[in-house]
K.L.:
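A single structure is presented below for examination.
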Amino acid sequence: MRKTFLKKGVREIWAHKFQYIFLILILGLGVAAFGALNDMQASRFTTFDGNYEDCRFQDLRIQFQYGVIKNISEVAELLSSETVRDDISDVEYRFAFNVFINHTVDGEAKITKGIVMGYDYFDESGDQREITVNRPLPYGDYQIQFGSDEGDECYIEHNFAQAFGLDKGSSIEVIKGNNTFPLSVSNDVAIPEYFMVLKEGSLMPQTRNLGVIMVPMETAQRIHGSDNGETYVNDIVFLLKDPDRLQTFKENIINLFQTHGIPVKTIEKEEDLARYYIKDDMEGDTQVMRTFPVVIFLVSGFGLFMALRRMIQTHRVQIGIFKSLGVPNRVVMFYFASIGIMVAILGIILGLALSVPLNIWFLGIVKTYFGFPVIYYSISWGYYVASALLSLGICLACTLLPAMKALSIRPVDAIQQREGVSKRKVGRLATKVGRRSVLPTPLKLTIRNILRKPSRSVTSILGVGLSLSLFLSFMIITQTMLVMVDDWNSVNRWDYEVEAEDFFYVNNTDSWKEGHPEIVDVNPCIFLPTNLSFNGDEKIALIYALEDIDRAFKVVLDEGEILEGQLVISFYHRDALGIDVGDRVTMSVPVLVPGVGPVMTPKEIIVCGIQSNNLGFVAFTDIGTIQNMTGFDGMANIAYLDTRSSERSIPLENSLIKLPGVSSVSHYTQTGNLIEEYFDLFMGVVYAISIISTALAAAIIYNLFMISTEEKRRDYATMKTLGTSLPRIGKLIFLEAGFITVPGIILGAVGGWGLAYYMLTVGTDFEGINITLSWSWIGFLVGSLLMILTVLAVSLITIRYISRILIADVIRERSY
Amino acid sequence: MSSENTPLIRIKDMSKSYQMGEVIVHALNGVTLDVNPNEVTVILGPSGCGKTTLLNQIGGIDSPTRGTIWVDGREIQGMNQKQLTDYRQESIGFVFQFFNLIPNLTARENVEFVLEYVMDLPTREVHKRAEDLLEKVGLKGREDHYPFQLSGGEQQRVSIARALSKDPKILLADEPTGELDYTTGKMILSLLVSIANEGRGVLIVTHNKELAKIANKVLFLKDGVIVKEVINERPIPVSELEW
């Protein structure tokens with residue numbers, strides 16, 4: 001008997017194949033999106049690990065300070081010292097120094113700060129050797145090869161090359177001092193220290209402000225002007241035999257170099273800026289990237305539940321017939337369970353199949369916005385198994401629950417339902433006599449259809465609402481991010497931000513104005529990344545100490561005021577550390593100690609205000625206060641410029657970048673781009689999910705409307721027999737669609753807001769950012785239009801379906 | 001144009017075949033018949049003999065494989081969907097075995113639906129005619145009840161009122177008493193006979209042989225073929241009918 005019922009289950013699916021196909025599509029999309037989004041996040045981690053492994057990333061890097069360079073043989077001899085030699089597995093000597101790069105942007109000459117990295121690419125016999133630590137990686141199938149040790153070929157860091165359209169065969173000029181060196185770009189390359197181009201203290205990537213050029217060692221010597229037959233180095237990276245001995249090795253090597261008069265800065269593997277940033281970014285995204293697929297899967301699951309449950313509910317007559325024929329309950333349950341299992345299996349298979357293109361799509365996004373040359377694919381089997389089991393559970397629940405309910409009623413009641421006269425079906429309305437209504441009959445009929453079968457109508461309204469919610473929530477997230485970017489940008493009142501490599505005397509900026517008549521004003525600033533502590537808790541703070549805060553930034557104060565000698569903190573610090581205006585907080589600042597240099601020292605400062613700009617960790621004070629605290633009297637490390645036109649001027653940038661000590665010059669329009677870059681991957685994923693949710697929405701709506709039609713086909717057939725024309729029946733369908741769509745859209749708007757709120761605030765924690773949701777009218781209009789178009793399309797399909805109904809069969813309902 | 005002597009329905013050598021899998025089923029084979037005004041015509045036959053198929057051909061909800069059907073002077077095969085809709089709207093009234101009332105409309109509204117939405121009559125006329133029709137079928141006082149609040153007989157009467165709302169010349173009734181008890185069935189038959197007496201043609205298909213006694217003409221259908229035609233000169237009154 002079970003075999004017969006299994007066959008019947010297959011036939012049931014085949015008989016309603018389009019509805020089941022869309023049902024399977026809903027499930028498939030949920031499984032695929034759930035798996036693929038988790039795959040993407042897992043792939044990011046695998047790619048991160050894989051690329052750092054491929055390049056044999058350092059355990060420790062040492063950089064010679066204050067411009068010290070040393071002969072490679074001298075350094076090699078030092079490293080053969082017994083205190084360090086046994087710990088070293090591999091070592092790579094490099095020669096790195098600052099230059100200017102002359103390249104073109106839209107046909108105009110542009111000078112950008114750059115770094116030349118000389119690598120020891122040739123061994124003593126002149127053969128090209130393999131770099132053993134922090135190995136640059138090609139961005140494609142080519143090999144990194146140089147024709148000779150002192151040619152004019154170079155490889156250029158990938159992010160910079162992308163930002164300025166430099167590729168194979170491009171010509172650039174490297175400016176060092178008064179000398180200019182023409183170089184030909186062999187290709188772009190991924191340099192491990194610049195997988196993400198960052199500068200210390202910066203929260204944003206600096207892709208356009210720093211060009212890294214990779215050349216063989218002798219070419220580097222020549223550019224540096226040290227080509228006197230010696231080979232100088234100043235940057236060494238190590239791989240250790242036992243990474244657990246890192247701290248001992250680090251102490252030993254610092255002692256070793258300092259003993260020999262070489263000041264060094266050490267960077268451990270996890271201290272590498274790019275690595276730290278990317279890892280932090282990935283980990284920060286983990287929460288939100290886990291929330292997205294869960295939300296999609298829940299919507300898909302709910303859509304599946306509503307549709308499948310309703311489809312099974314329409315089988316009550318069948319259940320009544322089975323019961324009256326004496327079919328045992330367990331066999332009836334087996335029949336419905338088999339339908340549920342078949343839907344689940346087909347949905348899961350489709351989900352797995354769809355996950356392949358989705359994965360390719362998501363990995364394309366990762367490849368575009370994630371600066372690694374090789375993407376390592378990772379499959380989160382656990383998530384697929386979990387989503388498959390959940391899907392199976394949902395399918396079984398929504399086939400067995402209505403079946404159980406139907407089994408509990410008398411067969412006669414179930415069978416009677418075919419005539420639409422079951423009193424049980426109409427419940428409490430059974431004795432309520434209708435009142436004369438002045439409404440036109442079609443309108444009356446539509447309203448009654450909705451009111452008399454509330455569960456059916458509510459499910460359809462929920463379907464539209466849920467679908468719109470999903471789409472709209474991602475559009476609201478997008479809009480929120482865009483508004484935040486705008487907010488950040490609108491805070492800036494300056495035209496140019498000039499960052500220095502180190503502290504410079506503010507007096508020097510007088511000459512800037514003299515040399516550049518377009519500069520109206522120079523507002524010096526000390527930028528200080530530090531920690532702020534209060535009552536034993538500590539949080540990161542980026543302090544901007546300005547000569548004139550108001551001239552550079554439009555600070556909106558939530559509480560308090562800007563006072564000299566005091567600190568304006570952000571709402572983030574207030575909330576995270578519980579600081580109030582008037583509290584005394586401690587911050588760590590570099591205090592100049594004569595003969596030693598800057599030493600980080602805790603200093604107390606009173607909080608005078610709390611800014612509500614969405615500036616995360618930013619705190620403001622006046623430059624004099626920090627100068628007094630630190631001993632950097634009369635000095636600054638950033639200057640904000642006002643210019644006459646406020647327009648971007650590349651000649652001015654080219655001139656400013658060449659000023660002594662200047663490391664970057666950014667026009668205010670560029671910072672917006674940098675922030676957008678920061679959100680690129682996130683936004684890319686959000687856009688992709690919006691498209692998936694649209695498909696999901698269409699599938700849910702299609703199914704629910706088709707079920708409604710199926711439920712009312714007898715009424716439609718009767719109308720046709722009575723001579724109602726198809727356009728008139730169509731009018732009824734459109735009318736009912738309108739009654740479903742309008743509340744659905746209202747529900748979707750509320751739901752979309754709620755979902756976005758959940759995803760951006762409750763479900764995730766963007767530390768330091770106050771998320772204020774921004775309503776997306778475009779999202780709402782596009783989403784609503786999509787819903788309306790989907791409903792219209794489904795209504796047209798419904799009308800076509802009705803036009804093909806075999807009236808005679810439907811009226812008599814002779815077969816099932 | 002039809003007159004008292006012209007048949008309202010004239011079918012000549014009509015056949016209907018279905019392809020069911022690999023088998024061709026001949027549901028109707030060479031059917032020829034006339035249905036006259038003022039008459040009740042009963043088509044009698046066992047289940048599966050093609051009664052409903054025949055009714056569907058006449059009602060324009062299915063088309064014959066061969067042969068011709070004239071209804072009220074119009075040849076209906078070859079009509080397009082719109083013409084068929086107009087035909088069903090103007091010429092035919094259907095009474096179904098399972099009543100097929102729209103469950104979310106009251107008795108009155110079921111009738112008004114046709115008058116307003118199919119016939120496009122003005123509102124005032126819609127209300128008046130619906131009321132008259134329901135009174136005519138004996139449902140005064142039950143107008144504002146929903147179908148599920150009405151008995152089977154009452155539902156069938158609403159179905160008849162709805163069919164009459166279009167003032168059709170022909171009423172097609174498919175097992176009109178099939179779902180009803182004896183007494184209610186008889187009431188419905190009386191109604192159908194009185195409708196025929198108004199000058200309409202009433203065609204009833206049934207398997208109940210007793211119904212033949214009230215008909216002016218009885219056609220026996222077997223395996224899609226009319227095997228016998230009996231003209232009943234003296235149909236008995238419905239009140240004397242027993243089954």
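Convention: sequence-line order gives letters A, B, ...; per-chain numbering from 1.
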K.L.:
Would you confirm whether A/Arg448, through its side chain, and B/Leu105, through its main-chain N or O, come within 3.5 Å as a donor-acceptor pair?
P.N.:
no
K.L.:
Please walk me through it: do A/Leu445 and B/Tyr117 pass side-chain contact (heavy atoms from CB on, under 4.5 Å)?
P.N.:
CA-CA 11 Å; A/Leu445 181 61; B/Tyr117 209 53; over 6 Å; no
K.L.:
So does B/Asp181 have more than 12 non-hydrogen atoms from other groups sitting under 6.0 Å from CG?
P.N.:
yes
K.L.:
Tell me, for B/Phe94 versus chain A, whether the close heavy atoms (under 4.5 Å) come from the side chain, the backbone, both or neither.
P.N.:
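The side chain, not the backbone.
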K.L.:
How about B/Lys82 and A/Ser725: do any of their side-chain heavy atoms sit closer than 4.5 Å?
P.N.:
no
K.L.:
Could you check B/Leu84 against A/Lys720 for side-chain contact (heavy atoms from CB on, under 4.5 Å), going step by step and ending with a plain yes or no?
P.N.:
CA-CA 10 Å; B/Leu84 282 172; A/Lys720 276 179 80 174; over 6 Å; no
K.L.:
Provide the closest heavy-atom pair for B/Pro103 versus A/Asp715 in the form atom of the first, atom of the second, distance.
P.N.:
CD-OD1, 3.6 Å
K.L.:
More than 12 foreign heavy atoms under 6.0 Å from CZ of A/Arg800: is that the case here?
P.N.:
no
K.L.:
If we only count heavy atoms from C-beta on, is the A/Lys444 to B/Thr106 side-chain gap below 4.5 Å?
P.N.:
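No. Closest side-chain heavy atoms not under 4.5 Å.
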K.L.:
Just to verify, what does A/Phe22 make a ring-ring contact (aromatic ring centres under 6.0 Å, His included) with, not counting sequence neighbours?
P.N.:
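For A/Phe22, the residues satisfying ring-ring contact (aromatic ring centres under 6.0 Å, His included) (neighbours in sequence not counted) are A/Tyr702.
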K.L.:
Heavy-atom distances under 4.5 Å only: say whether B/Asn110 touches chain A with side chain, backbone, both or neither.
P.N.:
neither
K.L.:
If I take atom CE from residue A/Met719 and atom OG1 from residue B/Thr85, how far apart are they, to the nearest 0.5 angstrom?
P.N.:
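Interatomic distance, A/Met719 CE to B/Thr85 OG1, rounded to 0.5 Å: 14.0 Å.
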K.L.:
If the contact rule is any heavy atom under 4.5 Å from chain B, which residues of residues 728-735 of chain A qualify, in numerical order?
P.N.:
A/Arg728, A/Lys731, A/Leu732
K.L.:
Looking at A/Leu722, is its backbone amide N or carbonyl O close enough to the side chain of B/Lys166 to form a donor-acceptor pair, meaning the two atoms are under 3.5 Å apart?
P.N.:
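Between the backbone of A/Leu722 and the side chain of B/Lys166 there is a qualifying donor-acceptor contact (under 3.5 Å).
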K.L.:
Tell me, yes or no, whether the heavy-atom count around B/Gln81 atom CD, taken from other residues, nucleotides or ligands under 6.0 Å, exceeds 12.
P.N.:
no
